[in-house]
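Here is how names work: the chains are called A, B, and so on, in the same order as the sequence lines, proteins then strands, and each is numbered from 1.
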Protein chains: 2
Amino acid sequence: MSDQLSRVFAALSDPTRRDMVARLTGGDATVGELAAPYAVSMQAVSKHLKVLEEAGLVTRSRDAQRRPVHLEAEVFDLMTKWIERYRQRAEERYQRLDAVLAELDNDEHNDEHKQGLAGAPEEGTAS
Amino acid sequence: MSDQLSRVFAALSDPTRRDMVARLTGGDATVGELAAPYAVSMQAVSKHLKVLEEAGLVTRSRDAQRRPVHLEAEVFDLMTKWIERYRQRAEERYQRLDAVLAELDNDEHNDEHKQGLAGAPEEGTAS
DNA sequence: TCTTTCGTCAACCATTCGGTTGACTACGAC
DNA sequence: GTCGTAGTCAACCGAATGGTTGACGAAAGA
């Protein structure tokens with residue numbers, strides 16, 4: 001798994017964890033409160049929380065024997081940035097399609113329409 | 001895994017697959033072209049593509065014995081919507097924090113500061 | 001002190017995942 | 001027809017995942 005972006009995506013690939021995150025946008029909650037709606041043991045919920053925590057999506061403090069869970073919304077930015085970067089590129093290319101087609105028409109004598117490995121991929125690896 | 005949102009997140013939780021998506025923003029590519037930069041077999045790449053395809057992130061056509069891979073950027077919107085929905089809620093709550101604190105001060109006689117199950121979670125389940 | 005509540009840790013289990021190798025199909029070229 | 005190229009399918013393997021149960025720790029209340 002290694003990098004944070006992978007961990008964040010993986011964490012949100014589980015519906016239960018997504019639901020927890022959703023509910024945490026309404027305010028901090030204890031493990032018991034979070035576990036209540038689901039038909040699974042508290043241990044399972046505890047594991048889910050560990051996954052969310054390791055992805056940096058939540059933090060946990062201490063209140064007597066309670067462990068309140070707090071959502072760290074900033075991590076969303078990591079995903080949003082990644083998504084936006086590549087969506088933009090895809091859309092740009094899509095909008096340039098007519099231009100490309102025209103160019104391809106011109107270049108018909110020159111037969112290398114190489115399109116395969118295009119831009120620099122650059123996996124962000126989080127700054 | 002079941003729902004599409006889960007499949008999309010899961011698909012992007014792998015660095016290799018994210019890199020493929022990134023490269024596909026530069027234009028369609030064949031399996032061989034996609035496989036080239038990685039130190040894994042073409043079969044492995046084929047599997048990755050199946051995951052991306054089942055998530056709706058790519059589609060594949062037929063060109064003789066070649067199977068060009070095409071990025072479907074619209075699926076990004078699914079994620080973006082989910083993320084934005086809950087980020088907004090989280091930020092709203094954060095900005096309302098002072099108001100909440102004030103209200104909490106007023107409500108001190110009334111001792112139900114219930115915060116646990118707050119808003120309606122509503123797992124989108126893709127329309 | 002004893003008990004209850006809230007939560008974690010550890011061990012186990014079935015399933016999924018990312019990778020491999022080997023066999024196979026589909027098409028173009030010779 | 002035969003060969004080479006592009007790709008998939010199937011079986012297998014080790015590691016990770018999501019769940020369970022059971023035991024334990026830490027703090028509040030009796």
Side-chain angles (χ1 to χ4, degrees), chain A residues 1-21 24 28-55 57-70 111 114-117 123, chain B residues 1-21 24 28-55 57-70 111 114-117 123:
Chain A
M1 195 78 58
S2 60
D3 66 304
Q4 189 182 14
L5 196 48
S6 295
R7 283 194 298 265
V8 173
F9 277 122
L12 293 179
S13 74
D14 184 286
T16 303
R17 285 192 296 257
R18 274 203 311 282
D19 190 55
M20 288 183 193
V21 168
L24 283 169
D28 297 3
T30 66
V31 179
E33 284 167 345
L34 283 171
Y38 313 120
V40 299
S41 64
M42 199 186 310
Q43 288 94 321
V45 172
S46 197
K47 279 195 187 181
H48 280 306
L49 286 173
K50 193 142 93 177
V51 173
L52 290 173
E53 191 176 19
E54 278 165 1
L57 277 159
V58 306
T59 53
R60 319 166 76 175
S61 43
R62 180 112 235 175
D63 168 25
Q65 74 267 55
R66 237 151 275 114
R67 303 290 315 276
V69 182
H70 175 75
D111 99 321
K114 53 177 174 180
Q115 50 162 359
L117 303 216
E123 175 72 21
Chain B
M1 195 77 59
S2 60
D3 67 304
Q4 189 182 13
L5 196 47
S6 295
R7 282 194 299 265
V8 173
F9 277 123
L12 294 178
S13 74
D14 183 286
T16 302
R17 285 193 296 257
R18 273 203 311 281
D19 189 56
M20 289 184 191
V21 167
L24 283 169
D28 297 2
T30 66
V31 179
E33 286 167 345
L34 283 171
Y38 313 119
V40 300
S41 63
M42 198 185 312
Q43 289 94 322
V45 172
S46 197
K47 279 193 187 180
H48 280 306
L49 286 173
K50 193 142 92 176
V51 174
L52 290 172
E53 191 176 19
E54 279 165 0
L57 278 160
V58 306
T59 53
R60 320 168 74 174
S61 43
R62 179 111 234 176
D63 166 25
Q65 72 270 53
R66 238 150 273 114
R67 305 289 315 277
V69 182
H70 175 75
D111 99 319
K114 53 177 173 181
Q115 49 159 3
L117 301 217
E123 177 73 20

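- Checking D/dT20, C/dT20, C/dG7 against every side-chain atom of A/Val40, the shortest atom distance belongs to D/dT20.
- Remark: C1' of C/dT5 and CD of A/Glu33 are 14 Å apart, rounded to the nearest angstrom.
- Once rounded to the nearest 0.5 Å, the distance linking CG of A/Asp14 with CE of A/Met20 reads 8.0 Å.
- Here D/dT17 presents its P atom at 10 Å from NZ of A/Lys47, a figure rounded to the nearest Å.
- Side-chain atoms of B/Ser6 and A/Arg18 form a donor-acceptor pair, as typed in the model, at a separation below 3.5 Å.
- Residue A/Lys50 contributes atom NZ, which lies 15 Å from atom P of D/dG19 at whole-angstrom precision.
- As rounded to whole Å, 11 Å separates atom C1' of C/dC27 from atom CG of B/Asp63.
- Within the model, atoms CG of A/Leu12 and CG of B/Leu12 stand 11.5 Å from one another, a figure rounded to the nearest 0.5 Å.
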Cut-off 3.5 Å, no hydrogens considered: what does the side-chain donor-acceptor table look like for residues 41-49 of chain B, sequence neighbours left out?
| from | atom 1 | to | atom 2 | distance (Å) |
| --- | --- | --- | --- | --- |
| B/Ser41 | OG | B/Ala44 | N | 3.2 |
| B/His48 | ND1 | B/Arg17 | NH1 | 3.1 |

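- Rounded to whole Å, the distance from CG on B/Asp28 to C1' on D/dA6 is 17 Å.
- Note on A/Arg7 versus A/Glu54: no salt bridge recorded, every NZ/NE/NH1/NH2 to OD/OE distance being 4.0 Å or above.
- Distance B/Tyr38 OH to C/dT20 P: 14 Å, rounded to the nearest Å.
- With rounding to whole Å, A/Arg18 atom CZ is found 12 Å from D/dG18 atom P.
- For the OP1/OP2 pair of D/dT8 and a distance below 4.0 Å, the side-chain nitrogens and oxygens of B/Ser46 include at least one atom meeting the criterion.
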key: Chi angles and distances behind the side chain to side chain contact (heavy atoms under 4.5 Å, CB included) call for A/Leu24, A/Leu57   = CA-CA 10 Å; A/Leu24 283 169; A/Leu57 277 159; over 6 Å; no

Check nucleotides 21-30 of chain D for protein N or O atoms closer than 3.5 Å to its own N or O atoms and list the pairs.
| from | atom 1 | to | atom 2 | distance (Å) |
| --- | --- | --- | --- | --- |
| D/dG22 | O6 | A/Gln43 | NE2 | 2.7 |

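- The CG-P distance, from A/Asp14 to D/dT17, rounds to 12 Å in whole Å.
- Considering only side-chain N and O atoms, A/His48 lies nowhere under 4.0 angstrom from the phosphate OP1 or OP2 of D/dT17.
- With rounding to the nearest 0.5 angstrom, the CG atom of A/Asp28 is 13.0 Å from the CZ atom of A/Arg67.
- Backbone-only contact: A/Thr30 has heavy atoms under 4.0 Å from sugar-phosphate atoms and none from a base.
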